[in-house]
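This report refers to the structure that appears directly beneath it.
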Amino acid sequence: MKVPPWPAVAFVAAAVVAWYLLPGPLGGPERTGTPVHVPVTPAPVATAPHPDCVRRKNLSVATGDDISAGSFRREVFRQWNEAHPDATLIEVSGGTDERRAQMAAPAQAGSCEYDVLILDVAWVAEFARLGYIQPIPFDPRGFLPALRKTAMVDGELYGVPFAADAPLEFQRTDVTDGLYALQLGDTESGTINLLEMIGTAGGHIVGGDESTDVTLGEERERTWRALSGWKVRTTGDQRVGVIEQSLDDDEDESLLAFRNGQTAAKEPVAYMRNWPIAFHRLAADPLTMRDPARKDALRFRVRALPGGVLGGSVLAVSRHTARLPEAMQLIRELTGHRAQAELFACGGYAPVLTSVYDAYAGAGARDCAALLSDAKPKPDSEPVAISAAELSGLAAEIRRAIEGASGSETGDDARIRPKSEFYARFSEAFRRCARGAMAGTVSEEAFFASAEMLREALKGRITAEPPC
């Protein structure tokens with residue numbers, strides 16, 4: 001897909017941000033003995049759209065790489081373009097922080113390079129409070145309640161849920177006495193896994209949806225045991241070893257080890273924590289993940305991990321767009337029942353609508369081929385061969401992971417990461433301390449003393465001599 005050239009001023013803004021956040025003499029403020037307030041961006045947000053925004057005729061949608069089965073998300077946009085004004089899908093590559101910076105840079109420069117942004121839920125507070133996106137006139141009823149919360153900032157809706165993400169445990173049925181694959185590397189997936197690991201052990205890390213509080217002292221013994229004893233994980237009534245390479249792995253690397261049934265070092269792998277999208281990537285592989293002796297039954301099963309950390313994405317609208325009506329029309333289309341069902345059945349994206357989960361819990365369950373049989377226009381892609389029964393089982397586990405075993409009243413529903421425009425700073429600091437505790441380079445006392453430093457990080461401040 002074509003990626004249009006960036007305005008030069010966007011590059012300048014991004015460079016200034018990068019310089020400003022570097023420590024010491026290389027850039028940014030010196031670290032002193034007390035916390036110093038450092039804004040995420042020194043570049044002012046323009047108050048009026050660039051003239052090019054008025055002249056451009058097509059919608060521009062920024063997103064990360066399409067990781068759906070068969071790149072089906074592109075197919076949904078192709079269907080839209082058959083009947084509406086063109087929407088150009090711009091896939092921004094790179095790691096989480098790189099994508100975030102590239103999506104923020106045009107807004108900092110006052111450009112409407114993007115009209116609609118598909119944002120990770122962890123970025124919504126930052127983009128909203130810094131003025132990059134605008135409140136959306138949209139009725140959020142019909143979405144799972146926990147997902148509506150991810151798009152709310154300071155009491156206003158700044159995004160419409162587009163794809164859900166909640167943790168699932170994958171277990172191979174043909175590998176016995178295998179190890180567990182996690183993602184504990186120095187990336188955002190590492191932060192999520194660490195928060196979940198502590199939470200499922202009975203520990204406690206962060207406060208409520210809008211809170212910037214950090215509590216490490218509650219359930220201190222369990223929290224520390226989860227970090228220092230990370231090489232063993234409890235699943236059901238079993239204690240399972242964790243593969244060593246989890247310390248460096250992301251979701252794709254864990255998926256590869258699970259699909260192969262072993263690591264590169266020939267350690268057997270039987271379990272994996274991953275997102276729902278991994279189901280389709282596995283189930284659509286008939287050579288290794290289906291058993292011909294059992295009528296091509298799956299060689300793995302999934303179950304919800306209640307109390308995990310909620311991921312996913314929302315559709316947000318640039319503050320500078322001159323095409324708000326068209327942007328809202330696209331958003332309504334992408335979050336309608338038909339599109340959400342197709343994205344789930346054909347692409348593997350977990351749906352956001354209650355109606356889709358209800359359909360897959362009853363007689364309305366349809367596989368990808370059935371959904372696309374009456375699609376107009378006809379899709380270019382081939383339907384994935386995942387049965388309606390398999391999709392129904394997956395949908396039930398995703399919903400259980402999001403809402404808990406009996407719905408969100410139980411307290412074991414998926415948790416939301418703290419909403420702060422400085423969340424990225426908190427995530428990096430927390431990861432540094434937690435991974436240090438796992439490696440034995442950060443003491444128990446130093447780890448729990450880091451709570452104040454993490455609170456300051458959520459407020460946009462950095463400490464000269466952090467405890468870890």
Side-chain angles (χ1 to χ4, degrees), residues 67 165-203 222-285 287-291 294 297-309 311 393-394 397-398 400-401 431 434-442:
I67 58 174
D165 250 342
L168 299 176
E169 180 180 270
F170 294 72
Q171 179 185 0
R172 290 195 64 135
T173 56
D174 60 341
V175 178
T176 58
D177 300 322
L179 302 177
Y180 212 115
L182 297 173
Q183 304 92 44
L184 301 171
D186 193 16
T187 62
E188 182 59 23
S189 61
T191 295
I192 292 171
N193 274 240
L194 289 164
L195 289 171
E196 288 178 354
M197 190 165 63
I198 293 170
T200 54
R222 291 183 180 180
T223 298
W224 182 251
R225 191 186 307 133
L227 290 174
S228 59
W230 71 271
K231 293 184 179 181
V232 177
R233 185 177 177 92
T234 300
T235 173
D237 58 356
Q238 298 184 69
R239 288 170 61 79
V240 179
V242 177
I243 62 174
E244 190 79 24
Q245 71 181 51
S246 292
L247 284 175
D248 300 309
D249 278 358
D250 59 17
E251 291 92 344
D252 289 340
E253 290 158 334
S254 286
L255 185 67
L256 180 61
F258 184 82
R259 176 187 277 126
N260 292 339
Q262 62 181 12
T263 66
K266 305 301 182 182
E267 299 172 296
V269 178
Y271 298 90
M272 172 181 67
R273 179 262 180 237
N274 217 310
W275 301 111
I277 195 84
F279 183 94
H280 276 55
R281 297 173 71 181
L282 293 168
D285 179 359
L287 297 179
T288 57
M289 299 312 301
R290 290 188 180 271
D291 186 354
R294 296 190 301 129
L298 295 174
R299 297 184 189 270
F300 67 95
R301 53 176 170 258
V302 297
R303 74 175 186 92
L305 290 176
V309 173
L394 174 61
E397 294 304 316
I398 296 172
R400 189 173 292 116
R431 213 162 50 235
R435 282 167 49 84
M438 293 166 63
T441 58
V442 171

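Positions are given from 1, in the same order as the sequence printed here. Keep in mind that what you see is a predicted model, and the values were worked out from it rather than measured.
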Kindly indicate whether the side chain of K231, heavy atoms from C-beta on, has any atom under 4.5 Å from the side chain of M438.
no
Closest heavy-atom pair, R431 versus D186, reported as atoms and distance to 0.1 Å, is NE-OD1, 2.7 Å
Taking all non-hydrogen atoms of both residues, which atom of L184 and which atom of R435 are closest, and how far apart?
O-NH1, 2.7 Å
With sequence neighbours excluded, residues passing salt bridge (charged side-chain N to carboxylate O under 4.0 Å, His left out) with D248:
none
Would you please name every residue forming a salt bridge (charged side-chain N to carboxylate O under 4.0 Å, His left out) with R233, sequence neighbours left out?
none
Can you tell which of M272, R259, Q245 makes a side-chain contact (heavy atoms from CB on, under 4.5 Å) with S254?
M272
I need the minimum non-hydrogen distance between V302 and E397, along with the two atoms involved.
O-CG, 3.8 Å
Rounded distance [0.5 Å steps], OG in S246 versus CG in L179
9.0 Å
Contacts of type side-chain contact (heavy atoms from CB on, under 4.5 Å), residue S189, not counting sequence neighbours
Q183, T187, D250, E251
Heavy atoms of L255 and A278 approach each other most closely as CD1-CB, 3.9 Å
Could you tell me which non-hydrogen atom of P167 sits nearest to which non-hydrogen atom of G308, and how far apart they are?
CG-CA, 3.7 Å
Which salt bridge (Lys or Arg N to Asp or Glu O under 4.0 Å) pairs, counting each pair once, include a residue from residues 266-279, with sequence neighbours left out?
E196-R273
Determine, for D285 against R299, whether the closest basic-nitrogen to carboxylate-oxygen distance falls under 4.0 angstrom.
no
In chain order, what residues pass the salt bridge (charged side-chain N to carboxylate O under 4.0 Å, His left out) check against E169, with sequence neighbours excluded?
R303
Could you state the interatomic distance from CG (L305) to CG (L168), rounded to the nearest 0.5 Å?
7.0 Å
Keeping T441 on the side-chain end and G436 on the backbone end, is there a donor-acceptor pair under 3.5 Å?
yes
Side-chain heavy atoms of V269 within contact of T263, under 4.5 Å:
yes
Taking C-beta and beyond as the side chain, do I243 and F258 meet within less than 4.5 Å on heavy atoms?
no
Quick one, L194 with L227, criterion side chain to side chain contact (heavy atoms under 4.5 Å, CB included). Give me CA distance, side-chain angles, the key distance, then yes/no.
CA-CA 8 Å; L194 289 164; L227 290 174; 4.2 Å; yes
Distance, nearest 0.5 Å, that separates CD1 of I192 from CG of L182
13.0 Å
Rounded to the nearest 0.5 Å, how far does OG1 of T288 lie from CG of L282?
7.5 Å
Interatomic distance, OG1@T173 vs CZ@R301, rounded to 0.5 Å, equals 6.5 Å
Say you draw a straight line from CZ of R294 to CG of D174; how long is it, rounded to the nearest 0.5 Å?
8.5 Å
Once ring pair (Phe, Tyr, Trp, His ring centres under 6.0 Å) is applied, what residue pairs with a partner in residues 169-194 remain, sequence neighbours excluded?
Y180-Y271
